[in-house]
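Data first, discussion second: the structure below is written as structure tokens.
Quick caveat, the model's predicted, so the values are computed rather than measured.
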Amino acid sequence: MSGRHKDRPWLMRTYAGHSTAEASNELYRRNLAKGQTGLSVAFDLPTQTGYDPDHVLARGEVGRVGVPVSHLGDMRRLFQDIPLEQMNTSMTINATAMWLLALYQVVAEEQGADPARLQGTTQNDIVKEYLSRGTHVFPPGPSLRLTTDMIAYTVGRVPRWNPINICSYHLQEAGATPVQEIAYAMSTAVAVLDAVRASGQVPEERFGDVVARISFFVNAGVRFIEEMCKMRAFGRIWDQVTRERYGIENSKQRRFRYGVQVNSLGLTEAQPENNVQRIVLEMLAVTLSKDARARAVQLPAWNEALGLPRPWDQQWSLRIQQVLAHESDLLEYEDIFAGSRVIEAKVGELVTASLAEMDRIQEMGGAMAAVESGYLKSELVSSHAARRARIEGGEEKIVGVNVYESTEPNPLTADLDAAIMTVDPENESRVVAALHAWRDDRDEARASEALAALKKAAAGTANMMEATVECARAGVTTGEWAWALRDVFGEFRAPTGVSSAPLAVTAEPGTPLALVREKAARTAADLGVGRLRLLVGKPGLDGHSNGAEQIAVRARDAGFEVVYQGIRLTPEQITDAALAEDVHCVGLSILSGSHAELVPDVLTRLREAGATDIPVIAGGIIPPADARALVEAGVAAVFTPKDFGITEIIGRIVDEIRTANKLDPLEVPA
């Protein structure tokens, strides 16, 4: 046994929450008993996007990808028997972050905790929601004001809390290169800090406290040397920006503080056992280097490309962290990369390129202006398209997907339907009934007064956090809080980035894309139309639009006229658009698990409208049993993450259009 001093391990978390507050509370207490040292709360999509469970857009989404929290009673049950004053809690919440922090604070106070002692993080980075994750609600200006008000409030009232967790994680998931990931996250941080300073809510002498509570949430891909260099570059740029732009002299306040969830984009449905070694390599990128080590780590489970991980799968990911921290000698040494010429050269390259991109964004007017102009989204869609093209062309190798595809039978997935966790379909009706009971039992006059005060604060210049805390105490619901602000601020539909994305795959004669173009053109001629029309729709609240955008871009490049209106649509809106645009196919993309309810709804509506010649295609994380059920219901084809060949998918869509219109199959190979 070594006599060396051993550093304290990072916070170990698993991202968790599902079904109900009670079920999630049980899961949290079980994970803490297994040695988890912090909580990471996954909220369901209605909670994230400001809808109550009984709203039409919440249908099929309640409790699917996280826990539903509709009011103070839910938050009480979520943290029952968990002493919040002793906990470090991360909440993945953005547009409604102010609301969830208010609920958390009130529950902590009910437990007897001092808010000044609460530790944790609200994600609260709205820029990446516009770009990649899609849970935004309000326009950029009001969203930045919500963030500013939260930061000003926490510095004074909850000083150990991180009111924002600026996220590059989701940017990488949307296709960002390391340079884009650094530059876009840092530009967001600059926009936030500039807004806080301009608000005048924090005295100049306390601005260092604001900087000290800015944290980051990053991604780590499988190229772990480059990823580790990226983290060193992040730290170097943050130190420079906070010192030069904001005059922060205290080196501790300038420290780059980050947590990490390693890459889910690279997890595969094919040979999913390979995901374990991917996760380990990605974890090493953010732990090997002491000078750039994460403060908190949460790892995905090996089967996340298949569906919702079970408790055992999450335990496996926790044990991966524990083995590294407690069995290896990693924490006994100073930074093992100090003085490396190779590492220094790569870090310097990343710093130079990232600063140049940050300057470009500042010239546009900053991160918010670059969001509204569509520049950032277009760049991400283009980067993602280029990555997909490299995979399809074999330039970027993914074991089990486009190389070394032969495999032995996998005992982990022998029973695929049992290899993931499912949510009881009756759960939603129970949650809705509980919500109605809560509304019936509360003091309605107090709730109404609290909402009126919130709207008044929003319409004026007052900090909205105090009014939000009173809403929490008064029994206001998540949807009511969000609708009050919608009434004042309006809603925002972010640019899709599809129309401006350049061609990512070549279409020279004989290439797969050229062959699919020929099929599409001949089919359009057979139908007597200029071009085939494809509607790409995202029903429900799932905002992960990366896959839908890539299908839209490739279909456009194959000669289709593409109708893509972005995220958050009802089945009725999608059906109406399909009929109004006279499309030849409807493609639905859902990653949240609501496919079993929403896809058949679109099918039924099209049939009732007499549009039986419009095939419906579904794509997303769809378990095999659900895929079979969708096909039996009339879905023409189902695509999942294992279907990585987008050009081939577009070719299949042409085939389904021909079949639906009773045209003979084409012999054109594709």
Donor-acceptor side-chain pairing of Asn303 and Asp313 below 3.5 angstrom: yes
Step-by-step salt bridge (charged side-chain N to carboxylate O under 4.0 Å, His left out) determination, Asp557 to Arg517: CA-CA 8 Å; Asp557 295 344; Arg517 274 185 176 178; 5.6 Å; no
Pair Glu129-Arg133, salt bridge (charged side-chain N to carboxylate O under 4.0 Å, His left out): steps then yes or no: CA-CA 5 Å; Glu129 298 300 323; Arg133 195 162 171 269; 3.3 Å; yes
Any donor-acceptor N or O pair under 3.5 Å, side chains Asn410, Gln271: no
Listed once per pair and sorted, the salt bridge (charged side-chain N to carboxylate O under 4.0 Å, His left out) pairs that draw on residues 528-540, sequence neighbours left out: Arg533-Asp582, Lys538-Asp542
Short side-chain donor-acceptor distance under 3.5 Å, Glu227 and Gln172: yes
Separation between CG of Leu100 and CD1 of Ile93, rounded to the nearest 0.5 Å: 4.0 Å
Among Ile617, Val638, Ile622, Leu588, side chain to side chain contact (heavy atoms under 4.5 Å, CB included) partner for Val599: Leu588
Intermediate values then yes/no, side chain to side chain donor-acceptor pair (under 3.5 Å), Gln314 and Gln298: CA-CA 10 Å; Gln314 292 190 327; Gln298 57 192 45; over 6 Å; no
Glu428 (side chain) donor-acceptor with Gly60 (main chain) under 3.5 angstrom: yes
Test salt bridge (charged side-chain N to carboxylate O under 4.0 Å, His left out) applied to Glu648 and Arg652, step by step: CA-CA 6 Å; Glu648 287 78 4; Arg652 278 285 307 279; over 6 Å; no
Residues Ser383, Gln180; criterion side chain to side chain donor-acceptor pair (under 3.5 Å); working and verdict: CA-CA 9 Å; Ser383 293; Gln180 289 172 326; 2.9 Å; yes
Tyr130 and His136 aromatic ring geometry - parallel, tilted or perpendicular at 30°/60° bounds: tilted
side-chain contact (heavy atoms from CB on, under 4.5 Å) between Leu171 and Leu380, intermediate numbers included: CA-CA 8 Å; Leu171 302 179; Leu380 288 176; 4.0 Å; yes
Flag for Asp601-Thr604: side-chain donor and acceptor within less than 3.5 Å: no
Step-by-step salt bridge (charged side-chain N to carboxylate O under 4.0 Å, His left out) determination, Glu282 to Arg278: CA-CA 6 Å; Glu282 291 162 356; Arg278 291 183 180 113; over 6 Å; no
Pair Glu173, Asn219: side-chain N/O donor-acceptor within cut-off below 3.5 Å: yes
Nearest heavy-atom neighbours spanning Met364 and Ala369: O-CB, 3.4 Å
Polar contact flag, side-chain donor to acceptor under 3.5 angstrom, Asn165-Gln123: no
Any residue meeting side chain to side chain contact (heavy atoms under 4.5 Å, CB included) with Ala596, in chain and number order, not counting sequence neighbours: none
Residue pair Tyr15 / Ser90, side-chain donor-acceptor N/O under 3.5 Å: no
Interatomic distance, Gln261 atom CD to Asn263 atom CG [nearest 0.5 angstrom]: 9.0 Å
Full working for side chain to side chain donor-acceptor pair (under 3.5 Å) between Thr478 and Trp99: CA-CA 7 Å; Thr478 297; Trp99 173 241; 2.9 Å; yes
Atom CZ of Arg310 with >12 non-hydrogen neighbours under 6.0 angstrom: yes
Trace of the side chain to side chain donor-acceptor pair (under 3.5 Å) decision for Gln573 with Asp576: CA-CA 5 Å; Gln573 289 171 320; Asp576 289 347; over 6 Å; no
Residue pair Leu606 / Val616: nearest heavy atoms and the distance that separates them: CD1-CG2, 3.6 Å
Approximate separation, where rounding is to 0.5 Å, of Met421 CE and Leu308 CG: 4.5 Å
Mutual orientation of the aromatic rings belonging to Tyr169 and Phe217 [parallel < 30°, tilted 30-60°, perpendicular > 60°]: tilted
Donor + acceptor pair across side chains of Ser592, Arg64 (<3.5 Å): no
Cation over ring face, Arg554 and Tyr564, 6.0 Å, 45°: no
Check: Lys128 and Tyr184 side chains under 4.5 Å, non-hydrogen atoms: no
Pairs flagged by salt bridge (charged side-chain N to carboxylate O under 4.0 Å, His left out) wherever residues 610-631 is involved - sequence neighbours left out: Asp417-Arg628
